[in-house]
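A short write-up of the structure that comes next.
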Protein chains: 2
Amino acid sequence: MAPLPAKPAMKDRILETADRLFYLQGIRAVGVDTIAAEIGISKRTLYNHFPSKDALISAYLARRFVQPRPSDKPAVEQILSTFDALERRFAAKDFRGCPFVNAVAELGGEDKSVRKIAIAFKESRRLWFRDLLIQLGAADAEGLATQLALLVDGSIAQDLVRNDPAMARAAKEAATVLLRHAGVKVGGGETAQ
Amino acid sequence: MAPLPAKPAMKDRILETADRLFYLQGIRAVGVDTIAAEIGISKRTLYNHFPSKDALISAYLARRFVQPRPSDKPAVEQILSTFDALERRFAAKDFRGCPFVNAVAELGGEDKSVRKIAIAFKESRRLWFRDLLIQLGAADAEGLATQLALLVDGSIAQDLVRNDPAMARAAKEAATVLLRHAGVKVGGGETAQ
DNA sequence: ATTTAGGTACACAGACCTGTGTAACAAGGC
DNA sequence: GCCTTGTTACACAGGTCTGTGTACCTAAAT
């Protein structure tokens with residue numbers, strides 16, 4: 001009915017495939033040939049949708065930049081369930097660390113736009129923590145939000161290397177201690193054990 | 001006097017240069033040509049000392065695998081000064097994250113030996129924390145050591161992206177809280193402020 | 001029926017990569 | 001003098017990479 005329902009399908013397919021391959025194998029390790037071949041299209045078609053590999057990289061990272069959706073759950077539960085979600089993702093065998101950190105590590109200071117989006121992503125996550133902490137009346141919400149972000153990224157880095165989902169649990173336990181220390185009331189023993 | 005004082009100089013020069021370039025620009029981003037050219041030697045000479053680029057990569061990571069030297073300082077001070085050292089390294093403009101994490105991120109699951117040495121490195125650091133914590137009689141030295149390692153790697157990842165040495169201070173403050181919570185006596189207010 | 005948009009096949013340029021082969025050169029030990 | 005060891009210069013093989021050029025095809029819109 002609408003004149004363009006199936007039209008953007010190709011661009012999305014390219015992006016989705018690039019995302020998967022970039023993330024799993026590394027950006028430099030995946031050539032545009034590989035992406036096109038994986039979809040079964042010609043390289044020319046790919047370049048008709050994205051002017052360069054750099055544009056594809058930017059689109060890949062932009063696609064990964066998703067905000068956590070607002071929730072009605074209690075703030076403290078939102079914060080702690082972050083680490084449960086991490087543990088679940090660590091257990092999936094296609095988890096390969098934070099795409100933004102990996103991109104910066106791989107592309108170095110060379111690429112300014114990559115770093116820029118990575119910084120924006122990390123800060124947005126920190127602010128998400130901070131706003132919840134403010135709701136909770138936590139002492140030093142700014143500093144504590146940073147510390148929680150450290151625990152998240154630390155567990156991601158450790159899991160990337162060790163492949164051990166327990167890293168998320170360790171982070172959650174540390175987060176619980178830090179929250180309590182900041183005067184936040186945290187529900188019982190679900191953290192221990 | 002000794003017959004081979006200047007002999008291994010070349011191999012060391014190659015390794016040192018490879019280390020610097022691999023670390024700063026990424027392993028895949030640096031070709032053997034570039035390394036040889038940087039030293040001013042021929043590519044042939046490089047290949048006379050290392051049979052392949054993979055061997056050079058392994059030597060690079062092995063070179064980065066240094067144990068913290070034993071110290072007479074009090075254990076708690078050793079632990080906390082780790083974060084001061086991190087802050088100093090973050091402030092240097094040639095800091096580009098953890099070479100082991102970066103290598104795993106860049107080379108992916110593809111390379112088993114790289115992951116192996118990265119795991120060994122991370123575990124050796126965790127054990128270093130653990131042994132000090134045992135000396136201190138901390139509760140749950142194993143778990144706490146993991147948590148401290150998370151804070152280290154988290155601050156490294158955050159600094160890699162943001163270039164903000166304050167990440168090390170945030171990690172130190174979190175570490176202080178966790179140590180106190182485990183019953184470790186930590187000296188005064190040098191952490192706050 | 002014709003135009004137009006998007007896709008295909010395929011070759012190619014130009015760069016860079018790892019790794020090898022070869023012949024010549026320099027310096028110290030014997 | 002001779003021989004060994006390390007280095008150099010340089011070409012090259014064979015592969016991969018990004019990106020372009022071109023001519024053809026198909027299907028939908030008009």
Side-chain angles (χ1 to χ4, degrees), chain A residues 1-61 103 106-108 110-114, chain B residues 1-61 103 106-108 110-114:
Chain A
M1 317 303 182
L4 50 150
K7 280 326 199 42
M10 180 60 77
K11 190 163 190 171
D12 280 356
R13 273 209 293 166
I14 294 170
L15 196 43
E16 183 203 323
T17 305
D19 180 298
R20 190 176 67 250
L21 297 180
F22 282 162
Y23 179 65
L24 286 180
Q25 300 177 212
I27 292 172
R28 280 196 131 101
V30 174
V32 290
D33 286 287
T34 310
I35 298 170
E38 173 94 0
I39 318 178
I41 63 174
S42 70
K43 192 168 49 163
R44 204 70 189 81
T45 300
L46 189 151
Y47 273 105
N48 284 343
H49 286 279
F50 296 91
S52 67
K53 187 183 180 180
D54 275 359
L56 196 50
I57 295 170
S58 292
Y60 154 57
L61 291 178
E106 197 171 347
L107 305 179
E110 145 196 337
D111 198 320
K112 283 214 165 102
S113 68
V114 165
Chain B
M1 319 300 188
L4 49 149
K7 280 326 200 43
M10 180 59 79
K11 189 162 189 171
D12 280 357
R13 275 209 292 165
I14 294 170
L15 197 43
E16 184 201 323
T17 305
D19 180 297
R20 191 175 67 250
L21 296 181
F22 281 163
Y23 179 65
L24 287 180
Q25 300 177 209
I27 292 172
R28 280 197 131 98
V30 174
V32 290
D33 285 289
T34 311
I35 297 169
E38 174 94 359
I39 317 176
I41 64 173
S42 70
K43 191 169 51 165
R44 204 69 189 78
T45 300
L46 189 151
Y47 273 105
N48 284 343
H49 286 278
F50 296 91
S52 67
K53 188 183 179 181
D54 275 359
L56 195 50
I57 295 171
S58 291
Y60 154 57
L61 291 178
E106 196 172 348
L107 305 179
E110 147 197 334
D111 199 320
K112 284 215 165 106
S113 69
V114 165

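These numbers were taken from a predicted model, which means no experiment stands behind them. Below, read A as the first sequence line, B as the second, and so on, with proteins coming before strands; counting in each chain starts at 1.
Side-chain atoms of K43(B) and base atoms of dG19(C) include a donor and an acceptor less than 3.5 Å apart.
Distance check: I14(A) CD1 to H49(A) NE2 gives 4.5 Å after rounding to the nearest 0.5 Å. The structure places OG1 of T34(A) at 10.0 Å from NZ of K43(A), a figure rounded to the nearest 0.5 Å. Interatomic distance, L61(B) CG to F22(B) CZ, rounded to the nearest 0.5 Å: 9.0 Å. Atoms CG and NZ, on L46(A) and K53(A) in that order, are 11.0 Å from each other to the nearest 0.5 Å.
Regarding I39(B), its CD1 atom lies at a distance of 14 Å from the C1' atom of dT8(D), rounded to whole Å. The CG atom of D33(A) sits 10 Å away from the C1' atom of dG19(D) (whole-angstrom rounding). Taking atom CG of residue L56(A) and atom C1' of nucleotide dG19(D), one finds them 13 Å apart after rounding to whole Å. If you take CD1 of I27(B) and P of dC16(C), they are 21 Å apart, rounded to a whole angstrom. As a whole-Å value, the separation of I35(A) CD1 from dG19(D) C1' is 14 Å. In this structure, CD1 of I41(A) is placed 17 Å from C1' of dC25(D), rounded to the nearest angstrom. Spacing between atom CZ of R28(A) and atom C1' of dC16(C) amounts to 12 Å, rounded to whole angstrom units. N48(A) has its CG atom 15 Å from the C1' atom of dT26(D), to the nearest Å.
Applying the 4.0 Å criterion to OP1 and OP2 of dG7(C), one finds that H49(A) has a side-chain N or O inside that range.
Mapping Y47(B) and R44(B) onto DNA chain C by nearest heavy atom places Y47(B) closer to the 5' end of the strand.
Across dG19(C), dT7(D), dG7(C), the shortest atom-to-atom separation from the side chain of K53(B) is found for dG19(C). Of the candidates dT8(C), dT18(D), dT8(D), the closest approach to any side-chain atom of S42(B) belongs to dT8(D).
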